[in-house]
> 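Below are the structure tokens for one structure; questions will follow.
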Number of protein chains: 2
Amino acid sequence: MTDPAKPDPLSKRRLKSWIRLLGVTRAAENHLREFLRVNHDTTLPRFDVMAALWRRRDGVTMSELSRMLLVSNGNATAVVDRLEKDGLAKRTQSATDRRTVYVALTEEGLRQFEQLATDHEGEVNKLFASLTEDDLDALTEILKRAGQRGETA
Amino acid sequence: MTDPAKPDPLSKRRLKSWIRLLGVTRAAENHLREFLRVNHDTTLPRFDVMAALWRRRDGVTMSELSRMLLVSNGNATAVVDRLEKDGLAKRTQSATDRRTVYVALTEEGLRQFEQLATDHEGEVNKLFASLTEDDLDALTEILKRAGQRGETA
DNA sequence: CGCCGTTATTTCAAGCTTGAAATTTCTGAC
DNA sequence: GTCAGAAATTTCAAGCTTGAAATAACGGCG
């Protein structure tokens, strides 16, 4: 435990860095949202879910999905509902545990995501074009450290 | 313009860094949301709006507010509506331009935010306790560069 | 003055998100 | 085997968020 009577001199700077981090992230998200809407008529949450389903093509449970995306169970349910209604994702009951459900992209979902992903990567690349290889190294290092303890309470 | 035929070798790494950035930000937001809910019975968007109103105590228009927070006008209207209903914020019509509205914290809003802010800063400080002064310098530098061009389309 | 394009805000529908409660199923202790 | 507790998912209400359309007011140009 740190001494509560001794205020951390870095506290204000950490706050400022956090605000800046939030600003950059929000700006990038807004840009990507607009990009997905205009060029692919889809949304960020749908893209995120599809990306997770793509990464785990062999099947994911709803719980794993929400853990991967850091969103609530109810949220995952809602987005998957909409994807399923549009024929892009499909639920399958587990054979061994009747509580769990596996979600996966359909053929069409797969096809659509693969087109999306390339464009999305290109846009991210443009967005962060000003970051050099050294920047990326340093950023990764710092973010790894930042994410280590604290958030994952 | 970069040659579209020559794929950027850093593209994949930028994407990975972006995903990590998003992960750290989301985790921190989730943690702070929980913190505000449990300890202060409020939400992140309300806190963000109150913080903006605090920073600009002399008055902000709705447009400035949404620009500061990087959210839509409709969003700002909705959150301010709720704060106003709870007596924490107040709208005032401009005397010179009947279209514009100034928003400000009420006495109670001010008081409440000042209590919130200290705790919030402490929590952020804990959350990013693993970042040293050098880390903060480097991070700020990189984020400044990243935010420079691209997002602010 | 009167019109036109712009600006500030609100309204609205649809989708997103949370957190808590409800439902169903599983598991382990007995 | 039974039952209490844990786990996976869904449901639901309330709040958040967007983007587009509506409303109202400004400002300049003729």
> Using a 4.0 Å heavy-atom cut-off, does B/T77 contact any base of the nucleic acid, only the sugar-phosphate backbone, or nothing at all?
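Answer is base: heavy atoms of B/T77 come under 4.0 Å of a base.
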> I need the CE-C1' distance between B/M62 and C/dT10, as an integer number of Å.
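Atom-to-atom, B/M62 to C/dT10, this comes out as 9 Å.
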> Given C/dA20, D/dT18, C/dT18, identify the nucleotide with an atom nearest to the side chain of A/R33.
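Ranking C/dA20, D/dT18, C/dT18 by closest atom to the A/R33 side chain puts D/dT18 first.
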> Within this structure, what is the CG-to-P distance between A/L44 and C/dG15, rounded to whole angstrom?
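So the two atoms are 16 Å apart, to the nearest Å.
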> To the nearest angstrom, how far is B/E34 atom CD from C/dT17 atom P?
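Interatomic distance, CD of B/E34 to P of C/dT17: 18 Å.
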> Considering only side-chain heavy atoms of A/S63, which listed nucleotide, D/dT9, C/dT11, C/dA20, is closest?
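Nearest listed nucleotide: D/dT9.
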> Would you call B/K126 and B/E123 a salt bridge, using N to O less than 4.0 angstrom?
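So B/K126 pairs with B/E123 through a salt bridge.
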> On the six-membered ring of B/W54, is B/R57 placed so that its NZ or CZ lies under 6.0 angstrom from the centre and within 45° of the ring axis?
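Yes.
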> Would you kindly compare B/R26 and B/D97 by the position of their nearest DNA chain C nucleotide and give the one closer to the 5′ end?
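Upstream on the strand: B/D97.
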> Between A/R37 and D/dA20, is there a contact of a side-chain N or O with OP1 or OP2 at under 4.0 Å?
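Affirmative; the distance criterion is met.
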> Judged by atom type as modelled, is there a donor-acceptor pair below 3.5 Å linking the side chain of A/S11 to the main-chain atoms of B/N125?
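Pair absent, no side-chain N/O of A/S11 close to backbone of B/N125.
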> Students often get this wrong, so: under 4.0 angstrom with heavy atoms, is B/T61 touching a base, only sugar-phosphate, or nothing?
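Sugar-phosphate, no base atom in range.
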> Looking at the base of C/dT9, is there any donor atom on it, or on the side chain of B/R99, that sits under 3.5 Å from an acceptor on the other one?
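Flag unset: no donor-acceptor pair detected.
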> From C-beta outward on A/V71, which listed nucleotide comes closest to its side chain: D/dT9, C/dT18, D/dT10?
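Taking heavy atoms from C-beta onward, the closest nucleotide is C/dT18.
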> Tell me whether B/F47 at atom CZ has more than 12 heavy atoms from other residues, nucleotides or ligands lying less than 6.0 Å away.
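Enclosed.
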> In whole angstroms, how far is the C1' atom of C/dT17 from the CD atom of A/E29?
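Interatomic distance, CD of A/E29 to C1' of C/dT17: 13 Å.
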> Measure from the side-chain heavy atoms of A/V79 and tell me the nearest of C/dT10, D/dT10, C/dT17.
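From the listed options, C/dT17 comes nearest.
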> Tell me: CG of B/L36 to P of D/dG15, nearest whole Å?
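One finds 16 Å between P of D/dG15 and CG of B/L36, rounded.
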> In whole angstrom, give the distance that lies between atom CG of B/D81 and atom C1' of C/dT10.
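Taking CG of B/D81 and C1' of C/dT10, I get 9 Å after rounding.
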> Taking the side chain of B/S72 as its heavy atoms from C-beta onward, which of C/dT24, D/dT9, D/dT18 lies nearest to it?
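When the side chain of B/S72 is considered, D/dT18 is the closest of C/dT24, D/dT9, D/dT18.
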> Starting at CG of B/N73 and ending at P of D/dT23, how long is that distance when rounded to a whole Å?
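From B/N73 CG to D/dT23 P: 17 Å.
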> Please tell me which of B/R98 and A/R91 maps to the more 5' nucleotide of DNA chain D, matching each residue to the nucleotide holding its nearest heavy atom.
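Final value for this comparison: A/R91.
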> Mind calculating the distance between CG (B/D41) and P (D/dA14) to the nearest angstrom?
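Those two atoms, CG and P, are 15 Å apart.
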> Would you indicate which nucleotide in C/dT9, D/dA8, C/dT18 comes nearest to any side-chain atom of A/N75?
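Between C/dT9, D/dA8, C/dT18, the one nearest the side chain of A/N75 would be C/dT18.
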> For atom CZ of B/R55, decide whether the heavy atoms of other residues, nucleotides or ligands shown that lie under 6.0 angstrom number more than 12.
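Atom CZ in B/R55 is not packed in, count stays at 12 or less.
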